[in-house]
Amino acid sequence: MKITIETPEHGQEDEIIIRCAALDEELLQLIYRLKMGRELLPVFLDEQIVMLPLKEIYYFESVDNKVFAYSKKEVYEVRKKLYELEQAYTGQDFLRVSKSAIVHLAKISRLKPLFNGRFEAVLKNGEKIIISRQYAVAMKKKLGL
């Protein structure tokens with residue numbers, strides 16, 4: 001088996017192409033794991049493991065060396081570091097907005113400029129997240145502003 005990794009050009013989305021003589025069970029399982037690994041995140045709620053769809057996550061926040069995922073109504077503990085989540089979801093609509101937070105861009109309802117180059121993001125669930133000026137440039141670029 002040959003594996004080739006290429007970096008897409010700016011603006012192109014990540015893509016996986018599989019060329020095979022036959023689609024066997026092992027390959028189907030690999031494809032399934034790839035797809036589900038990018039769409040579901042194992043999180044903890046009341047000592048139970050929950051497979052949380054990424055589309056339900058509003059933001060991730062690091063507090064006291066623990067990372068939490070916030071959905072519309074629940075808060076889940078994530079047993080990963082913030083930088084690991086940032087690396088895992090860079091090709092998706094998640095963006096680092098401060099040293100302690102990553103926001104799901106699709107969950108932002110509006111942005112409000114603040115002093116010193118910062119922004120306030122109002123999320124669709126009513127919560128507010130401060131976007132530090134250090135990360136504001138990346139946010140503007142990602143949103144096309």
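For the numbers below, each heavy atom of this structure counts, side chains included, while hydrogens, waters and symmetry mates do not. Start at 1 with the first residue, then count along the sequence.
The distance from the CD1 atom of I18 to the CG atom of L23 is 7.5 Å, given to the nearest 0.5 Å. To the nearest 0.5 Å, atom OG of residue S62 and atom NZ of residue K80 are 15.0 Å apart. A distance of 8.0 Å separates CD of E77 from CD of E47, quoted to the nearest 0.5 Å.
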Quiz: residues 95-105 side-chain donor-acceptor pairs under 3.5 angstrom, not counting sequence neighbours:
| unit_1 | atom_1 | unit_2 | atom_2 | d |
| --- | --- | --- | --- | --- |
| R96 | NE | S98 | O | 2.8 |
| R96 | NH1 | E86 | OE1 | 2.9 |
| R96 | NH2 | K99 | O | 2.9 |
| S98 | OG | S100 | N | 3.3 |
| S98 | OG | A101 | N | 3.1 |
| H104 | ND1 | I57 | O | 2.8 |

Only pairs under 3.5 Å count here: list side-chain donor-acceptor contacts from residues 117-127, not counting sequence neighbours, and write none if there are none.
| unit_1 | atom_1 | unit_2 | atom_2 | d |
| --- | --- | --- | --- | --- |
| K124 | NZ | A106 | O | 3.1 |
| N125 | OD1 | E127 | N | 3.1 |
| N125 | ND2 | E127 | OE2 | 3.3 |
| E127 | OE1 | Y59 | OH | 2.5 |

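For the pair L41 and F60, the minimum side-chain heavy-atom distance is below 4.5 Å. Contact annotation: the side chain of L85 never approaches that of F94 to less than 4.5 Å [non-hydrogen atoms, C-beta and beyond]. Residues L111 and L143 have side chains in contact (heavy-atom distance under 4.5 Å, counting atoms from C-beta outward).
No more than 12 heavy-atom neighbours from other residues, nucleotides or ligands sit within 6.0 angstrom of CD1 on I16. Other residues, nucleotides and ligands contribute at most 12 non-hydrogen atoms within 6.0 Å of the NZ atom of K55. The environment of E6 atom CD is sparse: at most 12 non-hydrogen atoms of other residues, nucleotides or ligands sit within 6.0 angstrom.
Connection of Y58 to V63 is established within a shared hydrophobic cluster, with ILVMFWY side chains joined at heavy-atom distances below 4.5 Å, either directly or through further cluster members. A single hydrophobic cluster is not seen to contain both L114 and I131; linkage of ILVMFWY side chains at heavy-atom distances under 4.5 Å, directly or through other members, places them apart. Side-chain heavy atoms closer than 4.5 Å link hydrophobic residues (I, L, V, M, F, W, Y) into clusters, and following such links, possibly through other members, connects L45 to V43. Hydrophobic clustering (ILVMFWY, side-chain heavy atoms < 4.5 Å, transitive): F44 and V50 are in distinct clusters. Taken together through direct or relayed side-chain contacts under 4.5 Å among Ile, Leu, Val, Met, Phe, Trp and Tyr, Y89 and Y135 form parts of separate hydrophobic clusters.
Of all heavy-atom pairs between S71 and Y76, the closest is OG-CE1, 3.6 Å. Between L27 and D24, the closest heavy-atom pair is N-OD1, 2.9 Å. Contact record, A69 with V78: CB-CG2, 3.7 Å, taken as the closest heavy-atom pair. The two residues P42 and I49 have their closest heavy-atom pair at CB-CG2, 4.3 Å.
Formation of a donor-acceptor pair under 3.5 Å by the E84 side chain with backbone atoms of K81 is found in this model.
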